[in-house]
*Asks:* 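The structure under discussion is supplied below as structure tokens; questions concerning it will follow.
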Amino acid sequence: MIILRVKLLPGTLILMGACEILDEVSWMKRILVFYFGDLDAHSLIILGRVRSPFPQTQSLLMNLKTFNRWEHLTVKDSNVRFPDPICLTESEPELFEVLLGKRLRLELERIPIADVDVELKSYLGV
């Protein structure tokens with residue numbers, strides 16, 4: 001799991017598989033939230049579910065630039081047509097359509113951890 005290899009920075013917290021408890025963590029409305037998932041249609045739907053109660057949520061490495069850079073590391077995705085995700089930024093629906101159209105997914109574990117660390121530090125301004 002890539003999340004176990006990310007270098008935690010002071011003041012950060014990582015939640016995994018926490019979509020079921022979003023209503024119970026209202027304190028997250030007061031902090032900056034990042035969502036980092038596989039680049040696949042399902043993860044964009046989850047991102048929308050997280051962003052719905054926490055609109056300040058920013059996605060990390062979930063963009064066409066990342067997909068295009070690491071497309072050679074993708075695997076086939078059996079993605080059936082999902083409902084359109086909610087609460088995406090202006091550019092994220094395009095990524096959703098590309099992923100569905102190409103039937104590909106980029107698993108987090110395939111992205112070099114050094115690039116993940118650089119991106120995370122860039123987002124946090126460290």
*Asks:* Nearest 0.5 angstrom please: Leu39 CG to Leu44 CG, how far?
*Replies:* 7.0 Å
*Asks:* Out of curiosity, does Ile46 fall in the hydrophobic cluster containing Val25 (side-chain heavy atoms, cut-off under 4.5 Å, transitive links)?
*Replies:* yes
*Asks:* Between atom CZ of Arg110 and atom OG1 of Thr74, what is the distance when rounded to the nearest 0.5 Å?
*Replies:* 8.0 Å
*Asks:* Would you compute the distance between atom CE of Met28 and atom OG1 of Thr57 and round it to the nearest 0.5 angstrom?
*Replies:*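 That separation rounds to 6.5 Å.
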*Asks:* Please enumerate all residues that pass side chain to side chain contact (heavy atoms under 4.5 Å, CB included) together with Gln56, with sequence neighbours excluded.
*Replies:* Val33, Phe54
*Asks:* So, taking the atom named OG in Ser59 and the one named CZ in Arg51, what distance separates them when rounded to the nearest 0.5 Å?
*Replies:* 5.5 Å
*Asks:* Keeping the roles fixed (side chain from Arg103, backbone from Lys76), state whether a donor-acceptor pair exists under 3.5 Å.
*Replies:* no
*Asks:* Apply side-chain contact (heavy atoms from CB on, under 4.5 Å) to Glu71 and Leu104, showing your working.
*Replies:* CA-CA 9 Å; Glu71 187 172 359; Leu104 294 175; 3.8 Å; yes
*Asks:* Calculate, to the nearest 0.5 Å, the distance between atoms OG and OH belonging to Ser43 and Tyr35 respectively.
*Replies:*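 Reported value, rounded in 0.5 Å steps: 4.0 Å.
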*Asks:* Charged N to carboxylate O below 4.0 Å: is that the case for Asp115 and Arg69?
*Replies:* yes
*Asks:* Using the rule that Ile, Leu, Val, Met, Phe, Trp and Tyr join whenever any side-chain heavy atoms are under 4.5 Å apart, tell me whether Val118 and Leu60 fall into a single cluster.
*Replies:* no
*Asks:* Taking side chain as C-beta onward, heavy atoms only, is Val116 less than 4.5 Å from Leu61?
*Replies:*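 Touching, per the 4.5 Å side-chain cut-off.
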*Asks:* Quick one: salt bridge (charged side-chain N to carboxylate O under 4.0 Å, His left out) pairs with a partner in residues 52-62, sequence neighbours left out?
*Replies:* none
*Asks:* Which pair of non-hydrogen atoms, one from Pro93 and one from Glu90, has the smallest distance, and what is that distance?
*Replies:* CD-O, 3.5 Å
*Asks:* Could I get the full list of side chain to side chain contact (heavy atoms under 4.5 Å, CB included) partners for Ile86, not counting sequence neighbours?
*Replies:*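 Applying side chain to side chain contact (heavy atoms under 4.5 Å, CB included) to Ile86 gives Ser52.
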*Asks:* Hey, is CD on Glu97 packed in by over 12 heavy atoms from elsewhere, all under 6.0 Å?
*Replies:*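 Atom CD in Glu97 is packed in, count exceeds 12.
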*Asks:* For Phe34, check ring pair (Phe, Tyr, Trp, His ring centres under 6.0 Å) against everything at least two apart and list the hits.
*Replies:* Tyr123
*Asks:* Would you list the pairs meeting salt bridge (charged side-chain N to carboxylate O under 4.0 Å, His left out) in which at least one residue belongs to residues 32-41, sequence neighbours left out?
*Replies:* Asp38-Arg105, Asp40-Arg105
*Asks:* Using 0.5 Å steps for rounding, measure from the CE atom of Met62 to the CG atom of Leu106.
*Replies:* 10.0 Å
*Asks:* Do the non-hydrogen side-chain atoms of Phe96 and Leu100 ever get within less than 4.5 Å of each other?
*Replies:*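 Side-chain contact under 4.5 Å: yes.
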*Asks:* Verify the cluster assignment for Leu64 and Leu73: are they in a single hydrophobic cluster under the rule of side-chain heavy atoms below 4.5 Å apart?
*Replies:*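 In one cluster with Leu64: Leu73, yes.
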*Asks:* Salt bridge (Lys or Arg N to Asp or Glu O under 4.0 Å) with Glu119: which residues, sequence neighbours excluded?
*Replies:* none
*Asks:* For Asn63 and Phe67: C-alpha separation, side-chain torsions, deciding distance, then whether side-chain contact (heavy atoms from CB on, under 4.5 Å) applies.
*Replies:* CA-CA 6 Å; Asn63 52 56; Phe67 178 79; over 6 Å; no
*Asks:* Evaluate side-chain contact (heavy atoms from CB on, under 4.5 Å) for Leu47 paired with Leu88, printing each intermediate quantity in order.
*Replies:* CA-CA 8 Å; Leu47 169 61; Leu88 297 184; 4.1 Å; yes
